[in-house]
**Q** 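Quick one: this structure, given as structure tokens, is what I'll be asking you about.
Letters A, B, ... mirror the listed sequences (proteins, then strands); counts begin at 1. All heavy atoms count here, side chains included; hydrogens, waters and symmetry mates do not.
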Number of protein chains: 4
Amino acid sequence: MGEVRAKRMPRAERERQMLDAAVRVFGERGYRAASMDDIADLAGVSKPLVYLYLNSKEELFSACIQRESAALIAAVREGAMGGGAADRQLWDGLRAFFTHTARNPYGWAVLHSHARTGGEAFVAEVMAMREEIVAFVTGLIVEAAREAHGDPALPGREVAGLAQALVGAAESLAGWANTDASVTAKEAAATLMNFAWAGLGNLMEGRRWSPPPGA
Amino acid sequence: MGEVRAKRMPRAERERQMLDAAVRVFGERGYRAASMDDIADLAGVSKPLVYLYLNSKEELFSACIQRESAALIAAVREGAMGGGAADRQLWDGLRAFFTHTARNPYGWAVLHSHARTGGEAFVAEVMAMREEIVAFVTGLIVEAAREAHGDPALPGREVAGLAQALVGAAESLAGWANTDASVTAKEAAATLMNFAWAGLGNLMEGRRWSPPPGA
Amino acid sequence: MGEVRAKRMPRAERERQMLDAAVRVFGERGYRAASMDDIADLAGVSKPLVYLYLNSKEELFSACIQRESAALIAAVREGAMGGGAADRQLWDGLRAFFTHTARNPYGWAVLHSHARTGGEAFVAEVMAMREEIVAFVTGLIVEAAREAHGDPALPGREVAGLAQALVGAAESLAGWANTDASVTAKEAAATLMNFAWAGLGNLMEGRRWSPPPGA
Amino acid sequence: MGEVRAKRMPRAERERQMLDAAVRVFGERGYRAASMDDIADLAGVSKPLVYLYLNSKEELFSACIQRESAALIAAVREGAMGGGAADRQLWDGLRAFFTHTARNPYGWAVLHSHARTGGEAFVAEVMAMREEIVAFVTGLIVEAAREAHGDPALPGREVAGLAQALVGAAESLAGWANTDASVTAKEAAATLMNFAWAGLGNLMEGRRWSPPPGA
DNA sequence: CATGAATGAGCATTCATTCAT
DNA sequence: CATGAATGAATGCTCATTCAT
């Protein structure tokens, strides 16, 4: 039993408890290895109640993904909401991203590590979330290019690739920061900004790294 | 049944077949969702034979990770083996990486997506492989700094973070290239080089992006 | 299916049914040869329910041993509880033993024949029960010696051997009585008393059978 | 692998090796828990060879029972073969029994502990062996009665019961002696003789222990 | 004679899911 | 609203047994 069973609470709160438990168990064990028994136990409710509220393991997992996705996106958006120059917005968004993932390791594990293991449907859901972040980042890059150069010289395809790289680097650094406790969100964000900003700037001004002629 | 059953073949060959099948099934479904029945079927053998040769699901998965890790590292090393300047080596290594992951999507999925879901032991194995690649990349970065500036001004901690970011970006782009068939290995490599090279160069010369004062 | 399935009964009763079935199947086939399927079928429940209540085959077997041991010891103790002279108590205990084993052939088979085959842990459990009975019998023998001769001339080691022999003879006669239905518990008890009593009496008075000189 | 594989030995010897291994493995683990793999390994031969020579697990186990039964009976008969008075013969036979079982613990375990767990057929085989010993002992008892009293006053049924008790006591003491290494075969035999002889003598002279009137 | 290669069938165990109360 | 009772369907793994060489 996860905790003392407090009877008769409003449905919304019960559901939140269940989702909390589910996110934790899914995040620790993965979709398949997590059992509905464990989740119900940790939530302090009986299994049929979980089914009554959330219908099935699939829907429960889906609900976890939805909630954690929304929370992550909201955190990043809110972080970047202060406005300012594009680099400032990117910096703020990254810090919010690293802070949020460090504070919600189970939710982040669900999104980053385990969503892929539960079948096509979940992959799609997480991809949608990821696309939303990528789109957000893409917007920032384009805006930065416009600010700096008036005219975005970058083809959309290239911007998409850059955003993918940036997001992947961020994900990797999030894992790094979660593994090594001495790495702060701020440090991870700084590392990534340093890594990315000059490269982005170069590209926006049309300077490219050229592959060696023979390659 | 996966294919026509060719009976009575030498053990080494059968084992390879089994590993091929296992990599595919694990890559498609993940560790837990993959069933030994499916793997045996796809390999065209009975389950007991799989156990006779590979002992258990855990060992089988481990063997997959080992084989695919070794193959990926070998591909990257071989790609970069031509020597030349550090940027050239990085470029060659990245191309080899994207080419290999594109050609071995199941193996890549096992390493990148699913190894985390099978328990601590597997995580450790994949992390070891990842560390090997990160160390390789780190070496290239340090060497590049030395070539360009005589003295590596970067602290080890910062280099580690950069390597993490670079590898994460590469992983993300590999997923991008695998999802969107129109993205070639070369294009992914070029995107990443362009993204990363100037940032790295700036850092090596001590130029950093500075967070805005109020942050 | 063993019997008509009466649905929805309280846990305690279901557990008793399961133990009844398990004792029977274990007693008939032995630990290894007994299958959880057979036990569940005979109990009229599904296998998962057996696992929900009894956890594992090992624990189920252990529970059988515990229950049957306790029942047998209780029967013997209650039989001998009437008091009286030591020979009277022994006689009463033996009759109770033969009656109980005849009425519970499966339980007796579990204890006598099959507990040895399920691994060290079970051996220990049955040995503990056997030691309890041996100790009980030993006590009667010592008491009888005291009653008859004031001073027990028998060393403890010899008493232990006698008790072992007596219990072994009883076990053998229990098998005999179970095999040949015409042998009653009373007859088996009388045979054993006749066999044992005079020998015990002789020993208590210090008269021993002497091995021939050349041996 | 149990030992170095010496190739090409005559069939009889190979079969003996296999039986040795089988007796040991069956004796240690019981019929069901013993695996043909273990037996073949311990015998230092391949599994198909075991099947070629001994046909099946059942037949192999049966062969073990036959061989060990014959050896035990032969040992007892040979021990008692010296002749002399009936008590001397019984004493010699018992010593031979305890000596043999102490020297062949695996064989004894097969006969005493595990033969019951392999199904009806094996029980019958062991029972036949046991009946042979019981008959032998019965003969000694009857002979002793004749020697001492000229006329056997004991009904056959009573003699059978006594023999059962005596053999059971011997079996129990064999287990005792095998468990506690400080108990010698001679001591076990003396304990049993002392236990039994006076009781048998009394019975032969018509003196019986009488159950208390009210029982 | 002897074995490496191979399998059909079974077993203990677990899990998502559903009723009856 | 909430739960104790119950199960169909897998799943990892093992074993006795048999060919093809």
**Q** Over how many whole Å does the gap from B:Asp41 atom CG to F:dA10 atom P extend?
**A**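 One finds 14 Å between P of F:dA10 and CG of B:Asp41, rounded.
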**Q** Going by heavy atoms in the side chains, are D:Glu58 and D:Tyr31 under 4.5 Å from each other?
**A**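 Yes, side chains in contact.
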**Q** Mapping B:Ala12 and C:Asp38 to their closest nucleotides on DNA chain E, which lands nearer the 5' end?
**A**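 Nearer the 5' end of the strand: B:Ala12.
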**Q** Given atom CD1 of D:Ile39 and atom C1' of F:dC15, what is their separation to the nearest angstrom?
**A**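 After rounding, the gap between these two atoms is 12 Å.
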**Q** Figure out the CE/P separation between C:Met18 and F:dA5, and round it to whole Å.
**A**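 After rounding, the gap between these two atoms is 10 Å.
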**Q** B:Leu60 versus B:Asn55: any side-chain heavy-atom pair under 4.5 Å?
**A**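 With C-beta onward as the side chain, the pair stays apart.
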**Q** Tell me which nucleotide among F:dA6, E:dT17, F:dC15 gets nearest to the side chain of B:Pro48.
**A**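 Comparing F:dA6, E:dT17, F:dC15 against the side chain of B:Pro48, the answer is F:dC15.
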**Q** Tell me whether the rings of C:Phe122 and C:Phe61 are parallel (<30°), tilted (30 to 60°) or perpendicular (>60°).
**A**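 Plane angle over 60°, so perpendicular.
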**Q** Heavy-atom distance under 4.5 Å between the side chains of C:Arg116 and C:Val126, does that happen here?
**A**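 Not touching, per the 4.5 Å side-chain cut-off.
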**Q** What contact category does A:Ala33 fall into here, base, sugar-phosphate, or nothing, at under 4.0 angstrom with non-hydrogen atoms?
**A**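 No contact.
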**Q** Look at the side-chain N and O atoms of C:Tyr53 and state whether any lies under 4.0 Å from the OP1 or OP2 oxygen of F:dA6.
**A**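 Looking at the OP1 and OP2 atoms of F:dA6, one of them is under 4.0 Å from a side-chain N or O of C:Tyr53.
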**Q** Which nucleotide, if any, forms a Watson-Crick or G-U wobble pair with F:dT18, using both distances under 3.5 Å?
**A**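 Its partner is E:dA5.
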**Q** Mapping C:Met36 and A:Glu58 onto DNA chain E by nearest heavy atom, which one lands closer to the 5' end?
**A**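 Taking each residue's closest nucleotide, the earlier one in sequence belongs to C:Met36.
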**Q** Would you classify C:Arg11 as touching base, sugar-phosphate or nothing, given that sugar-phosphate means primed atoms plus P, OP1 and OP2, and contacts are heavy atoms under 4.0 Å?
**A**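 Since only primed, P, OP1 and OP2 atoms lie under 4.0 Å of C:Arg11, the category is sugar-phosphate.
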**Q** Taking the side chain as every heavy atom from C-beta outward, state whether B:Arg16 and B:Leu19 have any atom pair closer than 4.5 Å.
**A**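 No, every pair of side-chain atoms sits at 4.5 Å or beyond.
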**Q** Considering only NZ, NE, NH1 and NH2 on the basic side and carboxylate oxygens on the acidic side, decide whether C:Arg24 and C:Asp38 come within less than 4.0 Å.
**A**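 A salt bridge is absent here (no side-chain N lies under 4.0 Å from a carboxylate O).
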**Q** Considering only E:dC15, E:dT3, F:dA6, which nucleotide approaches the side chain of D:Ser46 most closely?
**A**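 Of the options given, the side chain of D:Ser46 lies nearest E:dT3.
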**Q** If you only use heavy atoms from C-beta on, which nucleotide in E:dA16, E:dA6, F:dC13 is closest to the side chain of A:Tyr51?
**A**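 In terms of side-chain proximity for A:Tyr51, the closest of E:dA16, E:dA6, F:dC13 is E:dA16.
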**Q** Could you give the CG-to-P distance, from D:Asn55 to F:dT17, as a whole number of Å?
**A**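 To the nearest whole Å, that distance equals 10 Å.
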**Q** Using a 4.5 Å cut-off on heavy atoms from C-beta on, say whether the side chain of B:Asp20 contacts that of B:Arg67.
**A**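 Side chain of B:Arg67 against side chain of B:Asp20, heavy atoms only: contact under 4.5 Å found.
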**Q** Starting the side chain at C-beta, find the nucleotide from E:dC19, F:dC19, F:dC13 nearest to C:Arg8.
**A**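 Selected nucleotide (nearest to the side chain): E:dC19.
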**Q** Would you call C:Phe26 and C:Ile39 a side-chain contact if the rule is heavy atoms closer than 4.5 Å?
**A**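 Yes - at least one pair of side-chain heavy atoms lies under 4.5 Å apart.
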**Q** Could you tell me the separation between the CG atom of D:Asp37 and the P atom of E:dA5, rounded to a whole number of Å?
**A**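 In whole Å, E:dA5 P lies 14 Å from D:Asp37 CG.
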**Q** Please report the distance, rounded to the nearest Å, between CD in C:Glu15 and P in F:dA5.
**A**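 Result: 10 Å.
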**Q** Just how far, in rounded Å, is P of E:dT18 from CG of A:Leu54?
**A**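 Result: 14 Å.
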**Q** Between the side-chain atoms of C:Lys47 and the base atoms of F:dT7, is any donor-acceptor pair under 3.5 Å?
**A**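 Check fails, no donor-acceptor contact within cut-off.
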**Q** Which residues within residues 25-32 of chain C lie with some heavy atom under 4.0 Å of an atom in DNA chain F?
**A**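 The stretch gives none, as no residue of it lies under 4.0 Å from the strand.
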**Q** Measure from CG on B:Leu52 to P on E:dG4 and round the result to the nearest Å.
**A**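 Going from CG in B:Leu52 over to P in E:dG4 covers 11 Å.
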**Q** Hey, which sits more toward the 5' end of DNA chain F by its nearest nucleotide, C:Pro10 or D:Ala34?
**A**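 Of the two residues, C:Pro10 wins.
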